[in-house]
Amino acid sequence: MGVAVAETTFAGVVRDALADEMRRDPTVWVLGEDVRYGGIFGQYRGLAAEFGPDRVVDTPISEATIMGAGLGAALVGTRPVIEMRIADFAMPAMDELVNQIAKVRYMFGGQARARLVVRMPHGLLASSAAQHSQIVESWMANLPGVVVAVPATAADAAGLLRSAIRSDDPVLLFEPKAFFGRPAAPASDEPIPFGRARRAREGRDVTVVTWAQALDPALAGAELASAEGTQAEILDLRTLWPWDEEAVAASVARTGRLVVVEEGVTVAGFGAEIVARMAERSGPALRSVARLGAPRIPVPFAPELEAAVRVSPERVAAAIRAAAAR
Amino acid sequence: MTSHHTNAALLALRRGMGRIRAFETVALAAHRAKEFAGYLHVSIGQEAVPTGICAHLGPEDRLTSTHRGHGHALAKGADAYGMMAELYGRADGACGGKGGSMHIADFSVGMLGANGIVAGGIPIACGAAQGLRLLGSPAIVACFFGDGAINRGPFMEGLNWAALYRLPILFVCEANTFAAFTKADDTTAGPGALARAESCGIPGVAVDGSDVEAVDAAAGDLVRAIRAGSGPRLLLASTYRWEGHTSTDLAAYRSASEVEAGRGRDPLARLDATLAARGVPADALRRMDEEDLAEMTDARDRSREAEPPPLRSAFSDVQDAGAPEVPSWA
């Protein structure tokens with residue numbers, strides 16, 4: 001593991017994990033804008049000095065070619081980490097991601113593997129407005145061929161990054177922009193497997209399923225509800241595809257009540273998939289369901305307007321209370 | 001031009017072109033007879049380009065292709081039966097019937113895939129070259145695209161990228177005159193591919209793409225420069241697409257006289273004339289054509305008889321983590 005400090009930041013923890021993987025496997029390399037500088041969140045800081053310009057490659061602002069070149073490099077046997085800066089900037093690279101990366105293995109009858117990681121920091125961050133705030137992991141969960149990872153903590157981001165780099169699947173790693181600067185303890189060296197939820201809070205009354213930056217209001221909302229005597233169990237999915245359906249089903253079997261809290265638009269969002277699967281599996285044992293997330297509007301700029309797309313702890317607490325009352 | 005090729009070298013080029021012509025002639029007739037589904041984009045008339053280029057590539061070199069890629073695949077060494085069976089959507093196909101004509105690939109010979117998206121192979125070629133360099137490989141990448149592709153963003157991005165990192169890539173603009181149904185020149189401003197490459201500092205050469213000797217000679221020079229570490233190069237090869245955009249496109253947007261003139265630039269007939277002047281008997285060429293036709297007809301016949309893929313194979317090779325469940329009906 002990296003530097004021996006008791007406390008660092010989220011960005012530092014994932015940086016250390018990446019550096020460790022790059023030491024472990026000389027075919028792992030990074031390409032993207034401003035990575036030699038350290039990345040806009042500091043998540044690559046110091047890597048250029050250790051690994052040099054051939055493995056930490058600053059690129060032009062050519063998102064399509066950053067993404068497509070990552071694929072080409074994977075097809076000849078390297079394991080690139082493709083830096084997209086923020087998820088919104090992957091939009092100019094959708095052909096390379098959707099038409100190429102997600103499909104090469106299948107289209108070519110298993111001849112190819114896209115062993116690569118696409119890092120796409122996402123989520124609401126201080127009035128970044130409509131083109132710098134998007135939450136698109138639900139689209140990607142609809143795309144066959146990719147793993148969709150949505151960690152909320154530094155330890156999970158580090159462990160999932162390790163799994164992503166070692167995976168033979170293309171992995172889309174959505175890291176929470178607003179959390180990169182948070183203090184964090186050094187993470188374990190162990191990769192975290194895809195498809196295992198983490199219990200972020202124990203509770204017997206209501207099951208709350210969440211991921212990524214929505215973990216914050218989910219936890220705060222559960223504390224508000226707890227003060228009134230309702231105990232919510234919180235499952236942080238950590239990956240949307242594959243997702244830990246069994247853990248959610250087991251919790252719902254105990255509570256009979258399901259609240260999904262996501263940061264993205266609820267319409268056709270992944271919360272809808274979770275609720276639908278639980279309805280299919282649980283039948284009448286599922287006494288209540290609720291989905292919290294953003295309305296189907298672009299993310300507005302003014303803080304007073306941006307509040308319209310944020311899920312507040314109060315809304316979460318109200319949903320937990322309402323679920324418990326049914 | 002004065003040819004520096006031996007008769008044996010010319011006959012090898014003739015064979016390469018003849019196999020592509022035979023493959024596509026057989027495939028086109030079969031598709032028009034509705035023997036298999038989907039689209040078919042043939043490159044009849046353009047055979048000199050992949051043949052002349054791939055004469056300078058080894059098995060370790062890589063190639064990215066287009067939606068009109070049968071010639072690229074055959075010239076790189078892909079198995080003709082595997083390709084034909086793929087057109088027929090058979091289990092024996094190069095991609096197990098999951099890709100079809102637009103997604104033929106043969107990684108065993110460095111053919112990194114046809115591509116259903118115009119210019120889609122260009123960023124992939126850039127990364128392949130970058131990855132090979134990281135691995136310490138001396139291999140190079142040939143990146144094929146058409147004259148319609150030069151108006152897509154990835155073309156300019158890719159030129160800049162390849163020049164910036166001095167990547168070992170031969171960009172091959174196979175200018176078959178058409179961007180789907182429209183003349184490529186009618187939708188292109190400025191002088192085109194060569195000038196765009198030169199604007200990024202990439203030297204380029206224009207050749208008559210129906211003259212396989214010229215393509216071969218130019219490719220030889222460019223590939224030597226690339227292997228010597230001089231960075232990317234671009235070859236602009238002008239050809240004429242004999243058929244429509246797809247097998248069902250009657251190409252009513254062009255005149256009979258234009259098509260006649262285009263077909264007059266037949267790369268095979270042109271080389272045959274050279275060979276005849278060198279005293280190669282016409283019988284030898286006819287025999288070669290008969291053998292090629294027999295090979296491809298046999299590939300077709302075997303493909304007709306081959307098994308379709310089992311339904312459950314539709315669920316394989318999607319991904320390892322979160323792989324789809326195979327439903328009970330499959």
Side-chain angles (χ1 to χ4, degrees), chain A residues 26-27 29 31 54-55 57 59-80 82 92-93 95-96 99-100 102-114 116 141 144-148 163 167-171 193-195 239-243, chain B residues 62 64 86 91 93-100 102-108 110 112-117 119-135 137 139 141 152-154 156-158 160-162 164-165 167 309 313-314 316-324:
Chain A
T27 71
W29 62 295
L31 72 162
D54 293 335
R55 291 181 68 194
V57 177
T59 68
I61 302 177
S62 299
E63 289 86 356
T65 301
I66 297 170
M67 191 77 85
L71 172 59
L75 293 181
V76 300
T78 70
R79 291 179 179 268
I82 301 168
D95 171 52
E96 288 68 24
N99 284 326
Q100 317 288 347
K103 296 181 174 61
V104 286
R105 176 176 174 183
Y106 191 81
M107 288 191 302
F108 300 154
Q111 294 181 69
R113 291 286 185 287
L116 55 83
V146 297
V147 168
V148 181
S163 284
S167 170
D168 286 346
D169 290 321
V171 179
F194 305 132
T239 59
L240 289 195
W241 198 268
W243 68 285
Chain B
R62 308 302 206 275
T64 64
E86 189 60 33
C95 308
K98 282 176 171 156
M102 274 191 294
H103 306 300
I104 286 177
D106 189 344
F107 278 59
S108 71
L112 302 185
N115 208 305
I117 307 297
I122 294 174
I124 295 171
C126 288
Q130 222 157 356
L132 288 166
R133 173 183 290 167
L134 189 68
L135 296 172
S137 164
V141 181
R152 283 213 62 231
M156 287 309 300
E157 284 193 11
N160 179 64
W161 189 287
L164 183 69
Y165 302 110
L167 295 174
S313 75
S316 65
D317 275 320
V318 177
Q319 57 193 112
D320 295 336

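First the proteins, then the strands, lettered A, B, ... as listed; each starts at 1.
Ranked by non-hydrogen atom pairs under 4.5 Å with chain B, the options T65(A), L75(A), N99(A), T78(A) are led by T65(A). Ranked by heavy-atom pairs shorter than 4.5 Å toward chain B, the options P26(A), G109(A), S62(A) are led by S62(A).
When side chains are defined from C-beta on, H103(B) does not count as touching V104(A), because their heavy atoms never get closer than 4.5 Å. Looking at V318(B) and R105(A), their side chains never come closer than 4.5 Å, going by heavy atoms from C-beta outward. Here the side chains of S167(A) and D320(B) are not in contact, with every heavy-atom distance at 4.5 Å or above. Within the 4.5 Å cutoff, no side-chain heavy atoms of I117(B) are placed close to those of E96(A). Contact annotation: the side chain of D168(A) never approaches that of Q319(B) to less than 4.5 Å [non-hydrogen atoms, C-beta and beyond]. Side-chain atoms of Q111(A) and C95(B), non-hydrogen and from C-beta on, do get closer than 4.5 Å to each other.
Interface residue T59(A): backbone and side-chain heavy atoms are both found under 4.5 Å from chain B. When heavy atoms are compared at a cutoff of 4.5 Å, I66(A) approaches chain B by way of both its backbone and its side chain. For a residue to count as touching a neighbouring chain, one of its non-hydrogen atoms must lie under 4.5 Å from one of that chain's; by this rule A125(B) does not touch chain A. With a 4.5 Å cut-off on non-hydrogen atoms, V146(A) touches chain B through its backbone but not through its side chain. Proximity to chain A (any heavy atom under 4.5 Å) is shown, for A119(B), by neither the backbone nor the side chain.
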*So T27(A) and L135(B), side-chain contact (heavy atoms from CB on, under 4.5 Å) or not? Walk me through it.*
CA-CA 7 Å; T27(A) 71; L135(B) 296 172; 3.9 Å; yes
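When the ring-ring contact (aromatic ring centres under 6.0 Å, His included) test is applied to F108(A), the partners found at least two apart in sequence or on another chain are F107(B). Remark: W29(A) engages no residue in a ring-ring contact (aromatic ring centres under 6.0 Å, His included) (not counting sequence neighbours).
In this structure, K103(A) does not pair ionically with D317(B), as no charged nitrogen and carboxylate oxygen lie closer than 4.0 Å.
With values rounded to the nearest 0.5 angstrom, Q100(A) atom CD is found 4.5 Å from I124(B) atom CD1.
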